[in-house]
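Presented below is the structure to which this report refers.
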Amino acid sequence: MMYNGVPAVCKKCKRTADATDFVLDVDYKMMVCPSCIKEKRMAKSASETQAMAQTEKQKQEEEQKARPAGWDKEDEYLEKAYKQRQKQKLTIEKVGDGIIMIVCPKCNYKFKYNIDRERPKNCTYCSEPVDEKALRYSLY
Ligand SMILES: [Zn+2]
Ligand SMILES: [Zn+2]
């Protein structure tokens with residue numbers, strides 16, 4: 001090794017490094033010093049991290065766009081509560097004035113319910129209590 005330990009000036013960064021440490025870089029298309037390679041790698045990973053952050057941001061923005069203008073935390077809470085209510089809803093069928101058919105969420109038995117008198121209080125088949133709160137959600 002003729003040049004072992006011989007300092008050479010990097011054409012790219014003008015720094016001096018051991019000549020034997022120089023590598024031919026495909027991007028720069030020249031012999032560069034180890035510092036240049038290191039810097040290139042760091043820049044690359046930094047831009048990759050940035051790209052990932054960018055994608056994440058874009059995803060969030062798209063989600064925001066899908067929502068109506070003025071969407072905020074309050075709406076988010078309301079939506080959650082609304083979904084929760086939907087889940088709790090009873091399957092009902094209006095059959096007459098103040099009379100509905102309720103499908104019991106527990107046994108699926110269908111029974112008549114009088115809204116005005118709030119009767120029966122329980123499923124006529126399995127005695128599961130009628131969830132009046134859920135019933136109100138279902139009615140309106
Ligand atoms: Zn260099
Ligand atoms: Zn039942």
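Every heavy atom of this structure was used, including side-chain atoms; hydrogens, water molecules and symmetry mates were not. Each ligand, and each atom within it, is numbered from 1 in the order the structure gives.
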- Would you indicate whether R119, at its atom CZ, is surrounded by more than 12 heavy atoms from other residues, nucleotides or ligands within a distance under 6.0 Å? no
- Message: With rounding to 10 degrees, what does the angle C33:SG / the Zn ion (ligand 1) / C10:SG come to?
- Response: 110°
- Minimal non-hydrogen separation, F111 against C104, with atom names: CE2-CB, 3.9 Å
- Looking from the Zn ion (ligand 2), what is the angle between SG on C126 and SG on C107, to the nearest 10°? 110°
- Shortest non-hydrogen contact from Y113 toward V130: CE1-CG1, 4.1 Å
- Query: If you draw a 6.0 Å radius around NZ in K121, do more than 12 non-hydrogen atoms from other residues or ligands fall strictly inside?
  - Reply: yes
- Note on the structure: Vertex the Zn ion (ligand 2), ends C123/SG and C104/SG: angle to nearest 10° comes to 110°
